[in-house]
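Here is the structure we will look at, set down as structure tokens.
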Amino acid sequence: MDNYDPKEAEPRWQRYWAEHGIFRFDEDSKAEVYSIDTPPPTVSGKMHLGHAFSYAQLDFIARYKRMRGFNVFYPFGTDDNGLATDRLVEKLKGVKSSRMDRKDYVSLVLNTLQEIRPRVIADWKRIGMSCDFTINYSTINEHCQRISQRSFIELYKIGRAYRKDAPTMWCPACETAISQVELKDAELDSFFNDVKFNVDGKDLIIATTRPELIPACVAIVFNPEDKRYKALLGKKAKAPLFGFEVSIIEDSRVDMEKGTGIVMCCTFGDLTDMEWQKAFNLPIKEALGKDGKMTQMAGKYAGLKIKEARKAIIEDLEKSNLLINKRPIKHTVNVHERCETEIEILKTKQWFIKYLDLREDMLDWGAKLNWYPAHMKVRYDNWVKGLQWDWLISRQRFYGVPFPVWYCNKCGEVILAEEKNLPIDPLQDKPKHPCKCGSNDFTPEKDVQDTWATSSLTPQLSTELFKNKPIYSKLFPMSLRPQAHDIITFWLFNTTVKSNLHTGHNPWKDVIISGHAQDPHGKKMSKSKGNIIEPQVMIDKFSADALRFWAAGSKLGDDLPFQEKDLVTGHKTIIKLWNASKFALMHLKDYKHQPAQLTIIDSWLISKLNGIIKEATESFDNYEYIRTKMLTENFFWQDFCDNYLEFVKDRLYNPQNYTSEEVHSAQHTIYHALLNILKLFSPLMPHITEEIFQIYYADKENAKSVHVSGWPIFVPELYDKRSEFIGEQLVALTAAVRKFKSTSNLALNKPLKLLAIECDDEMRKEFELVMKDLKAISKAEEIMFGKGSIEVNQKIKISIVA
RNA sequence: GGGCCCGUAGUCUAGCGGUUAUGACGUCGCUUUUACACGGCGAAGGCCACCGGUUCGAAUCCGGUCGGGCCCACCA
């Protein structure tokens, strides 16, 4: 055994696992299935550190379950759908989809995906993901389109999908409707403009941040409590510049403190405007178009973009002496999370999933999931309680899963595709039958479905790859949904909703929510802050195992600041494991794999290890991989290396001074201790453990990989309290001797002339049983029982003559 | 404004009712011993954020205060 080089070894083992199908899902196995709804990463760039962090944590669990003997269903899909992909391709290829032919654009996207997808998947393979990569899906492929379209048809048939011309949130940059979950807050600089309206020839000052919406003004509203404006009720106000008149009404939603306490209601400045429109049945004046430009309604400002129009109107107001004040303010507005454009509310025809009536059920569904950590459920509950819109699923884009829908031009009937023909593209395909009214003249739906309408089906997307096989019934509902906390309201929520609407039950049993990787100061990493840490660079510098070691260093659900020193620690652990194995295996060359009569200190180690196995297993069952990590790490480094291996060195180097049983006992102990350490570490650091396992253990344990060699088993009979007690006394005594040498500036291997031990008779009997070991450990030429001056613990004192 | 999480040595982290508060990095001293100096041994370093309460006993449970993070709401 030379040196261990992870750069060479890690890819080698990854290839070995793939070639030998180590992580292959066995559809014929009788073993209990553990199915994982692996998050399909978006193919929009490289894997970032947050991915490495949370996917590594998932992989710990998957590898553990596999070693526990479960038939692990662990697919790997990619999410190639949605605006993120759209924007990436537009950027990479320098195109704008809306200016391209639809067909050309879609094939450009699909081709680009082919180019970049393997590179993205390679990043995941590099961190040692133990997925069965042969079970894969892409959220834009035929299989997924079929399931996604089928889902829509089913929802339509049970009355959950509906189409409506209604105000919806709109991104003028992406030129599509978006849903509540895609919103983000942004604090922006703006101006409060005090504008002169006119009532009965008198000025009425109204403050607005959006003067460009004056042409869309449909009413003036004040608070009924507000004495200042009481007299205006029922009167008409004349709009500046435009000259039309609107009614003055009262409503308690007006904040008297804000601006001048009186507000113009427009179509549609914000949600409150929408509410007023409904409540007072106000007219709808669409001054803003889907392209983010002003319409004919805006008169001379028609064709200008929002901000241009705002500037022009303000200039004109100033010229006409209609603007009396312009105060800079900071205000928070809703922006589209993908492009940070301020959203607008426009009246458009869209498809929705009706679910606002299901809030109580949704809370029920959430309560039935096993949440790890438990408090993450609160985020789900809060989201459900705050829902205000039905789920808007149509997007005015070219790329995506089409709606399997046509509209009859004669009677307006919605025509659905038949399930057996899915997937279809209504722009290419035609309905197989005429409409009920007899017409054969149809308009295809040209909108596409929101990406979440498809990715909310991942449990079906992966398990239905086995739809016609006997194993299918064991795959769904799935055992586990792993994901990060930022998308509880998107992915987890939507998936729960769809599964319950379709099947009447939850898509999974357990949910594990991981935290975020942060920069070294505990701040969120972002490109704009320039504090991005690339996992690829860290793997190059250290290793995938070291990166995983870092990821194992926080509790599930907790955010973890990235500290390069943690990778150094991981790296050192790998090297230590390698060196300790080098030593151990050197002394196991002539080991005969047979039962042994353990000596007391050997029994101490085995008994202690047995306890570690028990705790590590319980921890892993609760997804507390960090506890497993710490227990194993401490046992390996302190008990095994620093103490045990030092204790047995004399037995191994000078076997002639011991009986063959004693030597065999040491070898037997080392064999089992190291084997179990490798197994305990293997989910966290799969490569180094595999390397060592293959060098020595694979044949003897008759396993093709440490990862399928079985998890260590807790054996109650291996508990040996008495040996543990004596072992602990030896450890304490050794520590005292080492401290003496250290503080006396002596080398640790410097022999001592005399070691005197003061203890009671009972302890003395125990020590006499391990006298040989004691002599070897302390390197004392003579050991006697007598007066001691250095306190070891409450029971023991020692004296030393160097 | 509402909700949730978190405040433990210089830094990161474990513990979540009962020994002397875990481990790592860093610092300092000793130690180049045939697995490993990417090692070993030792030392210094903590009012476990603060204030109250419950308890025989609180880092741990409860209430409040302050600080940090995240989510949601508000957005004229």
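In what follows, chains carry the letters A, B, and so on, assigned in the order in which the sequence lines appear, proteins first and then strands, with residues in each chain numbered from 1. Please read all numbers here as calculations on a predicted model, not as lab measurements.
Using a 4.0 Å heavy-atom distance criterion, A:K258 is classed as a base contact. At the heavy-atom level, A:D185 lies under 4.0 Å from base atoms of the strands shown. The residue A:D486 sits apart from the nucleic acid: no heavy atom pair falls under 4.0 Å. When heavy atoms are screened at a 4.0 angstrom cut-off, A:C266 is found touching no nucleic acid atom at all. Looking at heavy-atom distances under 4.0 Å, A:K649 makes contact with a base. As judged by a 4.0 angstrom heavy-atom cut-off over every strand, A:K739 is placed among residues touching the sugar-phosphate backbone only. Across all strands shown, A:V221 has no heavy atoms under 4.0 Å from either base or sugar-phosphate atoms. Among the protein residues, A:L271 comes within range of the sugar-phosphate backbone only, with heavy atoms under 4.0 Å from sugar or phosphate atoms but none that close to a base. A:W578 comes within contact range of no nucleotide atom at all, as no heavy-atom separation falls under 4.0 Å.
A donor-acceptor contact closer than 3.5 angstrom links the side chains of A:E182 and A:S179. For A:Q729 and A:N793, the side-chain atoms include at least one donor-acceptor pair closer than 3.5 Å. With 3.5 Å as the limit, one finds no donor-acceptor pair spanning the side chains of A:Y4 and A:E691. A side-chain donor from one of A:H687 and A:D545 sits under 3.5 Å from a side-chain acceptor of the other. Residues A:N643 and A:D639 bring no donor and acceptor atom of their side chains to less than 3.5 Å of each other.
Side-chain proximity of A:Q388 to B:A73, B:C71, B:A43: nearest is B:A73. Of the candidates B:G39, B:C12, B:C74, B:C12 carries the atom nearest the A:L560 side chain, counting heavy atoms from C-beta on. Distance from the side chain of A:M630 is smallest to B:U22 among B:C12, B:C74, B:U22. Closest contact between the side chain of A:K576 and the listed nucleotides B:G39, B:C72, B:C38 involves B:G39. Among the nucleotides B:G40, B:G39, B:C70, the one closest to any side-chain atom of A:K572 is B:G39. Each of B:A14, B:C36, B:C41 was ranked by its minimum atom distance to the side chain of A:I626; first place goes to B:A14. You'll find that the side chain of A:N634 is closest to B:U22, out of B:U22, B:G69, B:C72. Closest to the side chain of A:D642, out of B:C36, B:A76, B:C41, is B:C41.
Ring centroid separation for the pair A:Y671 and A:Y591 comes in under the 6.0 Å cut-off. Ring centroids of A:F635 and A:F681 are separated by 6.0 Å or more, keeping the two rings apart.
Considering every non-hydrogen atom in both A:M264 and A:T208, the closest pair reads CE-OG1, 3.5 Å.
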Taking only N/O atoms, report every protein-nucleotides 29-31 of chain B pair under 3.5 Å with atom names and distance.
| unit_1 | atom_1 | unit_2 | atom_2 | d |
| --- | --- | --- | --- | --- |
| B:G29 | N2 | A:S742 | OG | 3.1 |

Response to the item:
Counting primed atoms, P, OP1 and OP2 as sugar-phosphate and everything else as base, the B/S/- map of nucleotides 4-11 of chain B against protein heavy atoms under 4.0 Å is SS-----B
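Secondary-structure stems of RNA chain B, taken as three or more successive Watson-Crick or G-U wobble pairs (i with j, i+1 with j-1) under a 3.5 Å distance threshold, comprise B:1-7 with B:66-72, B:10-12 with B:23-25, B:27-31 with B:39-43, B:49-53 with B:61-65.
Checking A:Y372, A:F60, A:W371 one by one against A:Y623, the ring pair (Phe, Tyr, Trp, His ring centres under 6.0 Å) holds for a single residue, A:Y372.
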